[in-house]
There are 2 protein chains.
Amino acid sequence: MNRKEQIEQTAISLFRTQGFAATSMRTLAQSLGMEAASIYAHIRSKEEILQKVCFRLADDFFTGFKNAVNKPGTVTEKLQAAIAEHVQVITENLAAATVFQTEWRHLSDPYLGQMIQLQAQYEAGFRELLITGQTNGEFELTDAHLTARALLASLNGIARWYNPEGKLTPTEIAANFSQLFLRGLIKDQISNS
Amino acid sequence: MNRKEQIEQTAISLFRTQGFAATSMRTLAQSLGMEAASIYAHIRSKEEILQKVCFRLADDFFTGFKNAVNKPGTVTEKLQAAIAEHVQVITENLAAATVFQTEWRHLSDPYLGQMIQLQAQYEAGFRELLITGQTNGEFELTDAHLTARALLASLNGIARWYNPEGKLTPTEIAANFSQLFLRGLIKDQISNS
DNA sequence: CCTACCGATCGGTAGG
DNA sequence: CCTACCGATCGGTAGG
């Protein structure tokens, strides 16, 4: 990891805990053991760090989603794969994913507009998967917009509680989410009747 | 609405769009048509506004949850009621709920610690409801912590997309969430077999 | 990567 | 609710 990557990693860690706006270049410099002015030998601006992390994460999420959708199988299986990919991206980039989710609005034009578009596209991907499953009879749902948003919000929430040293692995987390969203909470009463 | 309430409402609106740290008292003053120094005739500090909105919202959520749980009925019905109450609080306090969700970490001690506790308690309330339903055979779930967090994250996400002029009413949104989390996406195959 | 520094802005106070 | 102002801090540049 070269000095530029060190700066970015440290910045992401601070942005995560304090927020982008509340993190000063002097605090960042102190965490790195250097002067604030020296950081500018490696990066152009504070926002450049945020831009890089946001677009990298967005790219990771899209790559994961495309992998999931392009696999052969039922729509149910594709959705399960998309959930697993999304969980993987978050758990493997925990600090960066948190910063992406909570700080992207501090981007300036034109990056802000691009980010909004990318997020709308990603959500649309899930929504279309849901509609495909609805059309072919695999799924039953009332509102694809609401359902896609509910699923994505709960998946993104993982970044707020996932603990790499906890008892749940990313794979187990993904399996639990798939179970929850596909089967729901209500216990099957068939075997009892 | 007196001047103090006007200041708070305007601040909440700015905190929502720009974030707490990125909103200056001068910007707030300009939105109100007054000087920054004059605001301090009505409030003690910038953070005081954030404190007030966070604790008010937390109180609203707890009140709603207690209402839901104290109603007679099955655990399923109580969970449906808790979802409906949560949706109501968000949709009736859209800006304030968004600020609460995204800016509470900018509170200073001891308010920050209190807020963390309150959120843990609220989540525990949902988790215990889920476990009660699991114990009495209404629900089937693998991990109550994960399930409560998934449900709450998706409910909180409503604040990011709810449109008071949109086609979905808060009641409809709550019904869709209950349907999604209780029944899941998979279409019942019973009638086809 | 440092020293020295820029103009701008920050939350907030004094005094009226 | 205003004018006048405080010390502190901001992101960033110049020059080495």
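The structure displayed is predicted, hence computed values, not measured ones. Residue numbers begin at 1 in each chain, while the letters A, B, ... track the order of the sequences.
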Study note, to complete from the structure: What one should report as the nearest heavy-atom pair of Ser154(A) and Ala150(B) is CB-O, 3.2 Å
Practice item. May I ask you to say what Thr23(B) touches in the nucleic acid, namely base, sugar-phosphate or nothing, with a heavy-atom cut-off under 4.0 Å? Key: sugar-phosphate
Check your understanding: Which one is paired to dG15(C), where only Watson-Crick or G-U wobble pairs with both distances under 3.5 angstrom count?
Key -> dC2(D)
Review point. Within the structure shown, what part of the strands sits under 4.0 Å from Ala37(B) by heavy-atom distance: base, sugar-phosphate, or nothing?
Key: base
Exercise for review: Specify whether Tyr122(B) and Phe65(B) have parallel, tilted or perpendicular ring planes, treating 30° as the upper limit for parallel and 60° as the lower limit for perpendicular.
Suggested key: perpendicular
Review point. Taking atom types as modelled and ignoring hydrogens, do the side chains of Thr142(B) and Gln179(A) form a donor-acceptor contact shorter than 3.5 angstrom?
Key: no
Review point. Which class fits the ring pair Phe55(B) and Tyr111(B): parallel under 30°, tilted 30 to 60°, perpendicular over 60°?
Key: perpendicular
Review point. Got a donor-acceptor contact below 3.5 angstrom from the Lys46(A) side chain to the Thr23(A) backbone?
Key: yes
Point to revise | Contact boundaries on DNA chain C for chain A, cut-off under 4.0 Å to non-hydrogen atoms | key: dC1(C) to dA4(C)
